[in-house]
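Notes follow once the structure below has been shown.
Because only heavy atoms are used, hydrogens play no part in the values below, and waters and symmetry mates are left out as well, while side chains stay in. We count ligands from 1, going down the list as the structure has it; atoms in each ligand are counted the same way.
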Amino acid sequence: MSDVETLPRAAPARPELPPPMGLLAELTHRCSLRCPYCSNPLELDRRSSELSTAEWKRLIDEAAVLGVLHIYFSGGEPMLRRDIAELVAHAHDAGLYTNMITSGVGFQPAVLDAVAEAGLDHIQLSVQAVDAQTCDRVAGYDGALQRKHAVAVDIARLGLRLTVNAVVHRENVDQINAFVQLAEDWGAARIEIAHVQYYGWGLVNRARLMPTRQQVEAAMADVEEARAHTAGRLVIDCVLPDYYARYPKACMGGWGARLMNVTPSGRVLPCHAAETIPGLVFDNVRDVSLSEIWYQSASFNAFRGTDWMKEPCRSCARKELDFGGCRCQAMALAGDASATDPACSLSPLHQEVVALAETDAASGRSDFIYRGYQGV
Ligand code: SF4
Ligand code: FES
């Protein structure tokens, strides 16, 4: 690739629209684990289609010029990329705050040393459960928890700032206190307890993952109690399923408001599940500059602001607070991405969704459909 091709490209900014705060760089869909709620799409990008080192570097430069502050290296498992330390160093030198989201599995300890040496600012280590039997079963990988423990020890040795990512669902939502204890044992400053999101793999497995209302209420009480007794030591962020909630979550902080998500092969999305919305066309960084995509693309502008909203969102006092919920969840549950998210109690579909959640939670199913390249 020539120097000209690797220069960052820019497009004119729209003064009324701030630049994105963060860029989620999904470096690869390759991963040793097979979690049945993976946020990657059902059709995974192959290694042969991944952006090259030079293409990622140019993208990082474009992000810095655009005004992005944080880069989140993600996947799949980002540490499987042979150039991972080179990309971290490049982002660090471009002035970005660098964050690695890892499963902890599938790479040698030396790779962790290399990314720390390259200037990594922060690491997020996922854990599927606090006991090996559940963790390994959910991850679809024998020895996963043991490996994660070893990585946590290395993270502490390297002095990297750590957040523990606990994805919760029916099989582990009763482990809140134990997750918090594990985060403290691993020396984390923060734990993110996030319920499975029901798109893609999570939607396929919803009956196997949906907790009961009683479980969710108990988990919320556990989180409050844990916050009280870890105050000053550990930050606990928590997102529980909104199927049982009164109002939906403000997904992504609003569509096209804060984040850009780049897939391994260079498609740029407003959120990781945006490709589940038919009719949207996503530009590729191989063809269009990041700046142009942020400011001018049809996909990023599709649900920006509030003009696109229908009733009841259009005249709702909360429309600037939760932005009508999640567009991908509206698509999945209402068949219309511009509908009010049916998780909202004001949606005409809300009672149906609650009934769906209760039926799924009572199903007793545990036959996970694991993430894999075969799709479903
Ligand atoms: Fe890999 Fe599981 Fe994380 Fe998906 S959720 S990236 S499969 S560890
Ligand atoms: Fe796409 Fe919520 S996941 S808008």
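Using bins of under 30°, 30° to 60° and over 60° for the plane-to-plane angle, the ring pair Trp186/His149 lands in the perpendicular bin. Using cut-offs of 30° and 60° on the angle between ring planes, the pair Phe303 and Trp255 is perpendicular.
Residue contact annotation: Cys271 places no N/O/S atom under 2.8 Å from atom 2 (Fe) of ligand 2. For atom 2 (Fe) of ligand 2, the set of nearby N, O or S atoms under 2.8 Å includes none belonging to Cys328.
Under a 4.0 Å criterion applied to the non-hydrogen atoms of Cys326, ligand 2 contributes the atoms 2 (Fe), 3 (S), 4 (S). Every atom of ligand 2 with a heavy atom of Cys251 under 4.0 Å away is listed here by number and element: 2 (Fe), 3 (S), 4 (S).
When hydrogens are left out, the protein atom nearest atom 4 (S) of ligand 2 is Arg327 N, 3.5 Å; that is the closest non-hydrogen contact.
Once rounded to the nearest 0.5 Å, the distance linking OG of Ser126 with CD of Glu77 reads 8.0 Å.
In the model, Asn172 has no side-chain atom that pairs as donor or acceptor with a side-chain atom of Thr134 under 3.5 Å.
Under 4.0 Å is where a charged nitrogen must lie from a carboxylate oxygen, and between Arg267 and Asp45 at least one such pair does.
Between Tyr199 and ligand 2 there is a heavy-atom distance shorter than 4.0 Å.
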